[in-house]
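Below: the structure, in C-alpha cells.
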Amino acid sequence: MRIRATVAVVSGALALSAFAVPAATAGDKSVSSLDKPTAAEVFGTGAKAPRTSARTADTTPVISKVVINAGKDIVVGATAAKKITVSVTASHPSGIADGYIDLWHGSNVDEGLDGVLFPNEDAATCTNSSATTATCKMTITAEPGFDLYKNTLAGTWRVTAGALAGDQTSIAWNDYQATARVQRLSKITVNAAPEPVKKGKTITVTGKLSRANWEAGTYNGYATQAVKLQFRKKTSTAYTTVKTIKSSSTGALKTTVKASADGYWRYSFAGTSTTPTVTAAGDFVDVK
C-alpha cells in the first residue's frame, strides 16, 4: 500500500498512475498522489479506527510520542530531495507490531487536502523498550517539484500517526497527532566595499536574500523582509546589530555605514514560518 503514486497534471486534468516513480513527458507536470490511505489499508487488517482521533478503549494501542526529523523543521532546497526520519512510540498489552506516520497539508484531512508526504517503507522498524511498548521508525522523502509541487505548501503540516497492536486486533490512528513545519531553504550573501577603506569613509554593504522556488527549481529573491546588518570587530568574537533594513522587491540588500575599525560585516535573516533563519559569513574590511 505504501507507494509514492503519481498524479500527472495534463491540460488541467488529473490522471492517476500506479507507477512508484513518475515519468513526466514534455508539457506535463507530475506531482505526488493525494490518495491518503486509511488505517485498514496501511496495516492490512480488518480492524478499524476513526480517521480523526485514536480510540480510547483499553484494547487500543496508546500513542505516547511522535518525533519528526529529530524535532527540527524540514528544510527543503530548490532541487534536492530531503529524506528525514520519523518515529512513533506506542504501547499495548500485547506489544506493538507496526507503526505508521505520514504528513499532510490542507484545511481538513477529508476535504481540502493539497499535499501528502508518504513513508518510504512498507513497514516500520520497531524496537521494543518493554514487552508492551515499542518505538517504530520510518523515513519520509520530500522532493521539490513533486511532493512539494507548489510554494504555498511551505509552512505547517499535520502528522498522521498509527500503531498496530501486537496481536493485530486493534489499531490506534490519529490524523491530527502532531504538527511539523516544512520550509523553503534560504540563502543570503554579503559584500562590504571598498576594501581596504580609510577610517571615517563610507562602506557600502550589498547582498541578496533568496529562497527555494519549488515550482521552478531555482532560488528567487525574498522580497520586503527585515534583515539585520551586523558587525564584529577583528579583536572580538561577538557580532552586534548595527541596523535593520528591508530586502528589495528582488531580494537585494544594500546600505551604507561609516568605517570605524577593522572587522567583519554580515547580514542575518531571522526567518519566517515558511523560510528558515540564515546568516552570511562575515566579510572582512581593513580600515586604514
Side-chain angles (χ1 to χ4, degrees), residues 67-85 142 144 148 151-157 178-288:
V67 179
I68 308 297
N69 194 35
K72 301 176 182 178
D73 291 334
I74 304 165
V75 180
V76 184
T79 59
K82 177 80 170 185
K83 186 177 181 179
I84 65 168
T85 299
L148 304 174
N151 293 324
T152 53
L153 290 175
T156 300
W157 287 57
T179 60
R181 202 158 64 172
V182 181
Q183 296 182 312
R184 298 162 62 182
L185 179 64
S186 54
K187 296 183 177 183
I188 196 167
T189 61
V190 66
N191 181 56
E195 304 173 41
V197 64
K198 290 184 178 181
K199 188 173 183 178
K201 295 296 184 180
T202 298
I203 297 174
T204 301
V205 187
T206 58
K208 185 173 183 178
L209 175 65
S210 59
R211 61 176 177 168
N213 182 333
W214 295 332
E215 298 171 18
T218 59
Y219 286 87
N220 292 352
Y222 197 6
T224 62
Q225 298 301 305
V227 177
K228 294 179 180 179
L229 175 67
Q230 299 179 325
F231 177 70
R232 174 173 71 86
K233 288 185 178 181
K234 183 180 180 180
T235 56
S236 174
T237 59
Y239 278 90
T240 59
T241 298
V242 176
K243 64 172 73 173
T244 299
I245 65 171
K246 280 197 172 184
S247 58
S248 73
S249 60
T250 61
L253 304 168
K254 185 176 181 180
T255 190
T256 59
V257 291
K258 295 296 183 181
S260 59
D262 293 351
Y264 299 85
W265 295 92
R266 72 180 188 184
Y267 281 120
S268 182
F269 172 59
T272 64
S273 62
T274 62
T275 310
T277 181
V278 63
T279 299
D283 187 25
F284 182 75
V285 174
D286 181 19
V287 178
K288 299 295 187 181

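Computed from heavy atoms alone, side chains included, the values below leave out hydrogens, waters and symmetry copies.
The minimum heavy-atom distance linking Arg184 with Thr275 is given by the pair O-CG2, 3.5 Å. Minimum heavy-atom separation, Leu148 to Leu153: CA-CD1, 3.9 Å. Residue Ala212 comes nearest to Gly77 through the heavy atom pair CB-C, 3.6 Å, listed as atom of the first residue, atom of the second, then distance. Minimum heavy-atom separation, Ile68 to Ala180: CG2-CB, 4.0 Å. Among all heavy-atom pairs drawn from Thr277 and Ser186, the shortest one is O-OG, 4.1 Å. Lys199 and Ser260 get closest at one heavy-atom pair: CE-O, 3.4 Å.
At distances below 3.5 Å, at least one donor-acceptor pair connects side-chain atoms of Tyr219 with backbone N or O atoms of Ala78. Remark: side-chain polar atoms of Asp283 are paired, donor with acceptor, to backbone N or O of Ala192 under 3.5 angstrom. Side-chain atoms of Gln225 do not come within 3.5 Å of backbone N or O of Gly251 as any donor-acceptor pair. Counting only distance, with no hydrogens or angles, the side chain of Asp262 and the backbone of Val287 share a donor-acceptor pair below 3.5 Å. Looking only at distances, a side-chain donor or acceptor of Asn151 sits under 3.5 Å from a matching main-chain atom of Trp214. Distance alone, capped at 3.5 Å, is enough to place a donor-acceptor pair between the Thr189 side chain and the Lys208 backbone. In this structure a side-chain-to-backbone donor-acceptor pair under 3.5 Å is missing from Ser273 to Gly155. A distance-only check finds no donor-acceptor pair linking the side chain of Lys187 to the backbone of Val278 [under 3.5 Å].
Atom CH2 of Trp157 and atom CD1 of Ile74 lie 8.5 Å apart (nearest 0.5 Å). Residue Leu209 holds its CG atom at 10.0 Å from OG1 of Thr224, rounded to the nearest 0.5 Å. The distance from the OG1 atom of Thr237 to the CZ atom of Arg232 is 7.5 Å, given to the nearest 0.5 Å. The CG atom of Leu229 sits 9.0 Å away from atom OG1 of Thr244, with the distance rounded to the nearest 0.5 Å.
Evaluation of the ring pair (Phe, Tyr, Trp, His ring centres under 6.0 Å) test over residues 269-288, restricted to residues two or more places apart or in two chains, returns Tyr222-Phe269, Tyr264-Phe284.
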**Message:** Between Thr204 and Lys254, is the side-chain contact (heavy atoms from CB on, under 4.5 Å) condition met? List the steps.
**Reply:** CA-CA 7 Å; Thr204 301; Lys254 185 176 181 180; 3.9 Å; yes
**Prompt:** Under the side-chain contact (heavy atoms from CB on, under 4.5 Å) criterion, do Trp265 and Val285 qualify, and how do the steps go?
**Reply:** CA-CA 8 Å; Trp265 295 92; Val285 174; 3.8 Å; yes
**Request:** Could you check Val257 against Lys243 for side-chain contact (heavy atoms from CB on, under 4.5 Å), going step by step and ending with a plain yes or no?
**Result:** CA-CA 9 Å; Val257 291; Lys243 64 172 73 173; 4.1 Å; yes
**Request:** Take Val242 and Thr255 through the side-chain contact (heavy atoms from CB on, under 4.5 Å) test and state the conclusion after the steps.
**Result:** CA-CA 11 Å; Val242 176; Thr255 190; over 6 Å; no
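Side chains of Asn220 and Thr218: a donor-acceptor N/O pair is present below 3.5 angstrom, by distance only. Using modelled atom types, one finds a donor on one side chain and an acceptor on the other under 3.5 Å when comparing Lys258 with Thr202. There is no side-chain donor-acceptor pair under 3.5 Å between Gln183 and Thr274.
Among residues two or more places apart in sequence or in another chain, the salt bridge (charged side-chain N to carboxylate O under 4.0 Å, His left out) test is passed with Arg266 by none.
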